[in-house]
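One structure below.
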Amino acid sequence: MKNFLNISDTSIQDLTGILEQAKMMKNARIGLPKGTRDEGQPLSQHIVALVFEKPSTRTRTSFDVGVRQLGGQPMLLSGTEMQLGQGETISDTARVLSRYVDLIMLRTFESQTLYELAKYSTVPVINGLTNESHPCQIMADIMTFEEKRGSIKGKKVVWFGDGNNVFNSFLQAAEKFNFSLIFSGPKELDPSENLTENTKNLGINFRIDRDPMSAIKDADLVATDTWVSMHDNPEIKQERHNLLKPFQVNEELMSRASKDALFMHCLPAHRNEEATSRVMDGKNSVIFDEAENRLHVQKAIMRWCLSK
Ligand code: CP
């Protein structure tokens, strides 16, 4: 059974196959109304459970629309409204849902929950974000980069902010797709040592640079994210803002990147905090292409999960 839990769990052959499929499906839909079903309706007769234990706009909408375009039936479920939120175990939930649906997408808190669901589910499981990773987002980001600039192999990606779930998936992707990755953020909000201490052994071209001006030099892709994630304690908001303020992506900082550098943000954003509106709406920004590509790449991921 093919689960899509993390980029590190998926082979580069499968990852590139998913991206190719996404590109083909996107091109085949040019000019069509959004409700038109894809040729062949590959998810015909299939029901997909979309389980959310956290808020979402992009993931929720893009998976729902994606299932419909593939000819399947989406079933949106809120974790708090399920018995899961009342103490039913993940393992029981997995075994029950598997009797009703053909595929499960889960957005949750701990990655342990995701892996437990996948362990007991008899249908494929997709990671729609955990506190530790966001692989669908990074697949959309790589698709977006490659549409605009060609292969990401050997390119320089610079991350500004904290070592959050989106960064973690960038780090996993750096190994698979062979691009270099720089983390530029305060020491207090460094990525998990569990991930970074192994980068040399894995052959990942990764380093930390606390000076934003030097980190961004010659960057091909500049990425950032909100300073306070959904699972962060809101009481530490001011402290995080103070730490992260020097790493704001603004026009002055972007001017030090390569002329053709792309700016990415997975959204939702707090405009003029982690990035200025002038950067977000500037000529290098591809933030809405990223959002669109969530739809195309997730459709390819669902097809891959259900393929033999
Ligand atoms: N980028 C992203 O996952 O957006 P949502 O939280 O709106 O799903």
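In listed order, ligands and their atoms are each counted from 1. This chain uses plain numbering: 1 for the first residue, then up along the sequence. Computed from a predicted structure; not experimentally measured.
Of the listed options T57, V166, D141, T57 places a heavy atom closest to atom 5 (P) of ligand 1.
A donor-acceptor contact closer than 3.5 angstrom is absent between the side chains of Q45 and D102.
Looking only at heavy atoms of the protein, atom 4 (O) of ligand 1 is closest to R58 NE, 2.9 Å. When only non-hydrogen protein atoms are considered, atom 6 (O) of ligand 1 lies nearest to R107 NH1, 2.8 Å.
Here is the list of ligand 1 atoms found below 4.0 Å of a heavy atom in R294: 1 (N), 2 (C), 3 (O).
Within 6.0 Å of CD in E252 there are 12 or fewer heavy atoms belonging to other residues, nucleotides or ligands.
The CD atom of E274 sits 10.0 Å away from atom CG of D162, with the distance rounded to the nearest 0.5 Å.
In terms of polar-atom proximity, defined here as any N/O pair under 3.5 Å, C266 does make such a contact with ligand 1. Inclusion of R60 in the set of residues having an N or O under 3.5 Å from an N or O of ligand 1 is not warranted.
Residues satisfying the side-chain contact (heavy atoms from CB on, under 4.5 Å) test with T59, not counting sequence neighbours, are F52, S56, F63, M105, R107, H134, R294.
Only the side chain of Q137 comes within 4.0 Å of ligand 1, judged by heavy-atom distances.
By the 4.0 Å heavy-atom criterion, L267 is counted among the residues contacting ligand 1.
Taking both residues in full, the closest heavy atoms of E132 and S111 are given as OE1-N, 2.8 Å, listed atom of the first, atom of the second, then distance.
For E188 and R240, the salt-bridge test fails: no basic side-chain N is under 4.0 Å from an acidic carboxylate O.
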